[in-house]
Amino acid sequence: MTKTIQLDDNFGKYSGLTLHEMISSDKIQNRIKEMAAEISRDYKGKSPIMIGVLNGSFIFFADLIREMDVQAEVDFIKISSYANETRTSGTVRLLKDISCDITGRDVIVIEDIIDSGLSIDFLRRRLQDSQASSVKFAALLIKDYTQLNFDIDYIGFTIPDKFVVGYGLDLAQKMRNLKAIYYLNQEGHK
Ligand code: IMP
Ligand code: MG
């Protein structure tokens, strides 16, 4: 039986809706081990800087780096593209820039999920102008309808176009602490 979570009155307009488990904690952890092994092979003997995209990637990032066996450095960037909670606003704002110098460095951008692709495209364009020696992208999730004009180097799971929460991803800033990934069952909503 699939696991569900009923949203109570604390969830305002979402109260009464149900979250259904989409990807179990075990599946996430197994896939992350595979991704970490692949990244470790690709960066053997190198010292990449991994840039986590806040807030959603923080749990994925922490689990991924602990499964890797290369000496990576970490930094963070914070952007915002969602005007309300479940739909992209169409514009991306930089809320916090990286603080390290990436000149001549191998950079890996760590994203939680790629939906419209606006955020990752914004990051790609920003990093393109830097003097990094290489830039790659890792995302735990990508939606099956997403169209990009560049490749994502490491992808965890391709998922249907549903709003998902848990494992770092939020529903109105909550639910990030769920160990599995759930989708929001909301009639008439994407
Ligand atoms: P994009 O710019 O539309 O690709 O969306 C990227 C960002 O929006 C992600 O990094 C997430 O922070 C957030 N986001 C997109 N889809 C979802 C979702 O289904 N659940 C939670 N956050 C999401
Ligand atoms: Mg994000």
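Counting starts at 1 for both ligands and their atoms, in listed order.
A donor and an acceptor atom, one from each side chain of Asp26 and Ser24, are nowhere located under 3.5 Å apart. If you check the side chains of Asp144 and Thr158, you find no donor sitting under 3.5 Å from an acceptor.
Considering backbone and side-chain N/O of Val164, one or more are found under 3.5 Å from N/O of ligand 1. When only interatomic distances are considered, the shortest N/O to N/O separation between Asp170 and ligand 1 does not fall below 3.5 Å.
Taking every heavy atom of Lys162 and a limit of under 4.0 angstrom, the matching atoms of ligand 1 come to 19 (O). Near Leu118, meaning under 4.0 Å from any of its heavy atoms, are these atoms of ligand 1: 2 (O), 4 (O). Near Asp112, meaning under 4.0 Å from any of its heavy atoms, are these atoms of ligand 1: 9 (C), 10 (O), 11 (C), 12 (O).
Remark: Arg66 engages Asp63 in a salt bridge (charged side-chain N to carboxylate O under 4.0 Å, His left out) (not counting sequence neighbours). With sequence neighbours left out, Asp121 forms a salt bridge (charged side-chain N to carboxylate O under 4.0 Å, His left out) with Arg124, Arg125.
Between Arg41 and Glu38 there is no salt bridge, since no side-chain nitrogen of the basic residue lies less than 4.0 Å from a carboxylate oxygen of the acidic one.
Rounded to the nearest 0.5 angstrom, Ile79 CD1 and Phe122 CZ are separated by 6.5 Å.
Thr146 places a side-chain N or O within 3.5 Å of a backbone atom of Asp115 that can act as its donor or acceptor partner.
By the criterion of a heavy-atom distance under 4.0 Å, the side chain of Glu111, and not its backbone, is placed next to ligand 1. Looking at Leu169 against ligand 1, only its side chain comes within 4.0 Å, counting heavy atoms.
Every heavy atom of Ile120 sits 4.0 Å or more from the atoms of ligand 1. Within the 4.0 Å heavy-atom cutoff, Val53 does not count among the residues contacting ligand 1. Ligand 1 lies within reach of Ile113, whose nearest heavy atom is under 4.0 Å from it. The shortest separation from a heavy atom of Gly56 to ligand 1 is not under 4.0 Å, leaving the residue out of contact.
Other residues, nucleotides and ligands place no more than 12 heavy atoms under 6.0 Å from the NZ atom of Lys179.
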